Number of protein chains: 2
Amino acid sequence: MYKDLDPLLHSQLRLAIISLLMVHEEVDFNQIKDITNATSGNISVQIKKLQDAGYIDVIKSFKNNYQNTSLRITNKGIKAFEDYVENLKQYIKPAK
Amino acid sequence: MYKDLDPLLHSQLRLAIISLLMVHEEVDFNQIKDITNATSGNISVQIKKLQDAGYIDVIKSFKNNYQNTSLRITNKGIKAFEDYVENLKQYIKPAK
DNA sequence: TAAATTAGTTTATAATATAAACAAAATTTT
DNA sequence: AAAATTTTGTTTATATTATAAACTAATTTA
């Protein structure tokens with residue numbers, strides 16, 4: 001009945017990051033910081049976890065002389081998100 | 001934009017328990033064990049947390065000579081669940 | 001050129017989920 | 001009827017996780 005929820009996505013900050021990436025083609029570090037109000041350290045750690053899982057691609061470049069870290073969701077990430085939402089529905093839309 | 005998710009509900013097992021209680025007037029310890037496949041210890045701890053938060057009432061009685069622990073959701077619990085779901089929607093239904 | 005800002009990483013800590021070990025009463029087995 | 005087993009949980013220990021503090025390195029400003 002209640003399927004397991006992917007622990008990588010069942011985390012407020014990582015879910016917010018993935019959610020942003022489902023809507024915007026590409027999102028960078030500072031946008032995430034502004035929108036989520038999380039600390040840089042926290043964001044950095046969660047990005048690495050999502051990257052290690054193959055859920056996102058991390059693109060490092062330079063923008064007006066500063067380093068820039070940009071993210072894109074992968075197909076694997078999209079699938080994981082969709083599965084997560086599908087499973088989650090069983091919890092939040094309880095039907096008799 | 002992304003509102004904080006109540007940490008008490010953003011936990012797979014506690015969410016499953018609350019979800020069950022949103023559907024069934026009263027649910028007992030063993031039903032939770034059967035449905036969730038969680039260990040007794042885990043369930044016991046999570047029940048206490050939900051009780052401490054005032055989200056559920058815990059009714060201890062005897063049923064055919066054995067102790068029986070039964071749960072009911074409180075109004076506060078219902079409100080918390082509804083708020084949680086409302087906030088969660090922003091994460092899982094990302095709109096441009 | 002010293003101080004401040006930008007952009008992020010690494011490391012430490014605090015909280016949390018989870019299971020293992022334990023307890024107490026009831027039942028079954030020998 | 002004593003010993004072993006089952007039922008119904010609780011307490012305690014451990015492993016994982018989320019999060020922030022401390023740090024690094026480059027750039028810009030005073």
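This structure is a prediction, so every number in the text was calculated from the model and none was measured. Residue numbers start from 1 in every chain, and the chains themselves are labelled A, B, ... in the order their sequence lines are given, proteins ahead of strands.
Here Asn65(B) lies in heavy-atom contact (under 4.0 Å) with sugar-phosphate atoms only. Within the 4.0 angstrom heavy-atom criterion, only backbone atoms of the sugar-phosphate kind lie near Thr69(A); the bases stay farther away. Within the 4.0 angstrom heavy-atom criterion, no nucleotide atom of any strand lies near Lys63(B). In this structure, Gln12(B) reaches neither bases nor backbone, as no heavy-atom distance under 4.0 Å exists between it and the strands shown.
With DNA chain D read from its 5' end, the first of the two nearest nucleotides for Phe29(B) and His10(A) is the one closest to Phe29(B).
Here the nucleotide nearest the side chain of Val45(B), chosen from dT17(D), dG9(D), dT18(C), is dT18(C). Checking dT18(C), dG8(C), dA20(D) against every side-chain atom of Asn68(A), the shortest atom distance belongs to dG8(C). Nearest nucleotide to the Leu13(B) side chain, out of dT18(C), dT6(D), dT10(D): dT18(C). When distances are taken from the side chain of Ser44(A) to each of dA18(D), dA20(D), dT10(C), the shortest belongs to dT10(C). Closest to the Tyr66(B) side chain, of the nucleotides dA26(C), dT6(C), dT11(D), is dA26(C). Comparing dT18(C), dT8(D), dT19(D) by their nearest atom to the side chain of Gln46(B) picks out dT18(C).
In this structure, Leu8(A) atom CG and dT16(D) atom P are separated by 14 Å, rounded to whole Å. Computed from coordinates, the Lys33(A) NZ to dT19(D) P distance equals 16 Å when rounded to whole Å. Atom CD of Gln51(A) is separated from atom P of dG8(C) by 13 Å (rounded to the nearest Å). Protein atom CG of Leu5(A) is 14 Å distant from nucleotide atom P of dT17(D), rounded to whole Å. The nearest whole Å value for the distance from the NZ atom in Lys48(A) to the P atom in dG8(C) is 14 Å. Rounding to whole angstrom units, CG of residue Asn30(A) and C1' of dT27(D) are separated by 14 Å.
Regarding contacts with the backbone of dT19(D), every side-chain N or O of Thr39(A) stays at 4.0 angstrom or more from both OP1 and OP2. Of the side-chain N and O atoms in Lys60(B), one or more sit less than 4.0 angstrom from OP1 or OP2 of dT10(D). Remark: Arg14(A) is not in phosphate contact with dT17(D), judged by side-chain N or O atoms under 4.0 Å from OP1 or OP2.
Between Lys79(A) and Asp83(A) there is a salt bridge, with a side-chain nitrogen of the basic residue lying less than 4.0 Å from a carboxylate oxygen of the acidic one.
Hydrophobic clustering of Ile, Leu, Val, Met, Phe, Trp and Tyr side chains at less than 4.5 Å, counting indirect connections, keeps Val45(A) apart from Leu8(A).
Contact check for Asn87(B) versus Val85(B): no side-chain heavy atoms found under the 4.5 Å cut-off. With a 4.5 Å cut-off on side-chain heavy atoms, Asp6(B) and Tyr55(B) count as touching. Counting heavy atoms from C-beta on, the side chains of Ile43(A) and Thr39(A) never come closer than 4.5 Å.
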